[in-house]
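Structure first, then comments.
The chain is numbered in sequence order, starting from 1. Just so you know, these numbers use all the heavy atoms, side chains as well, and skip hydrogens, waters and symmetry mates. Model, not experiment: these values are computed from the prediction.
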Amino acid sequence: WLFYIGIVSIVGFISSAFKPSEALNQKRSYVSEKEEMLYQFPSQNPSDYFQQSLPFLGKHFIGFKEAIAIRESQGQYRLVNSLGYMGKYQFGTDALRFFGIKSNAAFLNSPELQEKAFVALIKFNKYKLQDIIEEYRGKTIDGVHVTESGILAAAHLGGAGSVRKFLESNGKKKCKDGYGTTV
């Protein structure tokens with residue numbers, strides 16, 4: 001019994017070191033099954049945001065993900081742009097096929113599938129660019145402070161190869177998307 005009590009004590013002691021010093025406000029992000037979730041963002045009217053208590057998403061993955069979504073489609077799941085990119089994160093048909101999604105209509109009508117595809121793309125790009133992230137994180141290239149999230153956002157825009165070219169050329173090779181936005 002002393003052995004098992006010792007193991008439980010050690011695990012308890014070690015795991016207590018990983019608790020935050022201040023409790024997080026769980027009410028802000030918790031929604032019970034009985035509550036209805038209503039979204040009315042983004043809006044073009046600034047007065048719609050007056051005195052809203054929006055959570056700060058900051059340096060969390062959800063903040064990164066939603067920033068990309070706002071930039072790409074203003075968070076609209078069913079948007080298809082003039083170049084044929086679709087969904088909240090503006091995926092092309094080739095990217096969808098790469099991740100095994102064969103139906104564009106099913107993709108557009110499934111927010112869950114779009115979220116899963118985005119996470120899969122970020123994981124893929126992070127794996128493909130892990131050496132670049134380690135080498136260039138924290139440096140300034142062509143006046144741009146390089147961060148991991150910036151590399152991943154640029155890879156979402158122009159592909160991992162474009163980001164690699166830009167960084168390895170010290171900013172001389174500027175790759176652009178179909179609308180002229182550089183990585």
Side-chain angles (χ1 to χ4, degrees), residues 18 20 29 39 41-44 46 49 54-183:
F18 295 108
S29 60
Y39 295 99
F41 302 108
S43 172
Q44 297 294 331
Y49 296 96
L54 297 174
F56 174 70
L57 302 174
K59 297 185 180 217
H60 298 283
F61 180 69
I62 191 170
F64 170 76
K65 188 172 65 115
E66 293 305 312
I68 297 264
I70 294 298
R71 179 80 173 156
E72 292 287 348
S73 69
Q74 293 187 348
Q76 299 175 40
Y77 283 107
R78 291 198 171 118
L79 183 76
V80 179
N81 73 13
S82 61
L83 298 175
Y85 292 93
M86 61 193 104
K88 183 176 179 179
Y89 303 103
Q90 296 293 286
F91 275 82
T93 303
D94 292 339
L96 294 178
R97 300 303 177 265
F98 180 79
F99 289 109
I101 302 168
K102 296 183 168 89
S103 170
N104 292 352
F107 178 76
L108 277 174
N109 292 318
S110 174
E112 295 85 15
L113 187 57
Q114 291 185 36
E115 297 297 333
K116 286 180 181 179
F118 180 76
V119 170
L121 179 64
I122 292 299
K123 286 181 178 180
F124 177 77
N125 283 337
K126 186 170 181 175
Y127 173 76
K128 200 167 181 182
L129 294 169
Q130 61 189 349
D131 58 329
I132 292 293
I133 291 169
E134 288 301 316
E135 183 177 350
Y136 290 97
R137 181 181 13 194
K139 295 183 180 177
T140 301
I141 304 292
D142 196 31
V144 176
H145 181 70
V146 179
T147 62
E148 180 177 350
S149 58
I151 290 172
L152 294 174
H156 177 75
L157 177 72
S162 297
V163 174
R164 188 177 292 276
K165 286 177 190 174
F166 174 78
L167 293 173
E168 289 177 346
S169 71
N170 204 25
K172 292 183 180 24
K173 292 184 181 175
K174 294 184 170 97
C175 305
K176 300 178 182 180
D177 72 352
Y179 292 115
T181 307
T182 62
V183 296

TODO: Evaluate the side-chain proximity of I151 to R164: yes if any heavy-atom separation is below 4.5 Å, no if none is.
DONE: no
Open item on the list: I'd like to check E148 versus E134 (side-chain heavy atoms, cut-off strictly below 4.5 Å). Are they in contact?
Closed with: no
Task: S110 (side chain) donor-acceptor with A106 (main chain) under 3.5 angstrom - done: no
Task: Close side-chain approach of N170 and D142, heavy atoms under 4.5 Å - done: no
- [ ] For E115 and Y77, test the side chains for any donor-to-acceptor distance below 3.5 angstrom and give the result as yes or no.
- [x] yes
Task: Student check: side-chain heavy atoms of I122 and F61 closer than 4.5 Å - done: yes
TODO: Would you name the heavy atoms of A155 and V163 that are closest together and state the gap between them?
DONE: N-CG2, 3.3 Å
- [ ] Kindly compute the distance separating CG (L157) from CD (Q90), expressed to the nearest 0.5 Å.
- [x] 11.0 Å
TODO: Starting at CG of L96, measure out to CZ of F107 and round the result to the nearest 0.5 Å.
DONE: 5.0 Å
Task: Minimal non-hydrogen separation, S73 against K88, with atom names - done: OG-O, 2.7 Å
Open item on the list: Taking the side chain as everything from C-beta on, heavy atoms only, tell me whether L121 gets closer than 4.5 Å to F98.
Closed with: no
TODO: Just say parallel, tilted or perpendicular for the rings of Y89 and F118, cut-offs at 30° and 60°.
DONE: parallel
- [ ] Please determine if K173 and E168 form a salt bridge, counting it only when a charged side-chain N lies under 4.0 Å from a carboxylate O.
- [x] no
TODO: Check the surroundings of atom NZ in K126: do more than 12 heavy atoms from other residues, nucleotides or ligands lie under 6.0 Å from it?
DONE: no
TODO: Could you walk me through whether L152 and K123 pass the side chain to side chain contact (heavy atoms under 4.5 Å, CB included) test, one step at a time?
DONE: CA-CA 9 Å; L152 294 174; K123 286 181 178 180; over 6 Å; no
Task: Any Q114 side-chain heavy atom under 4.5 Å of M86 side chain - done: no
Open item on the list: To the closest 0.5 Å, what do you measure between CG (N125) and CD1 (I132)?
Closed with: 12.5 Å
Open item on the list: Within this structure, what is the CD-CD1 distance for the pair E66 and I68, rounded to the nearest 0.5 Å?
Closed with: 10.5 Å
- [ ] Give a yes or no on whether Y85 atom OH has more than 12 heavy-atom contacts from other residues, nucleotides or ligands under 6.0 Å away.
- [x] no
Open item on the list: Looking at G87, is its backbone amide N or carbonyl O close enough to the side chain of R78 to form a donor-acceptor pair, meaning the two atoms are under 3.5 Å apart?
Closed with: no
Open item on the list: Nearest 0.5 angstrom please: F124 CZ to H156 NE2, how far?
Closed with: 14.0 Å
Open item on the list: Using 0.5 Å steps for rounding, measure from the CZ atom of F99 to the CG atom of L113.
Closed with: 11.5 Å
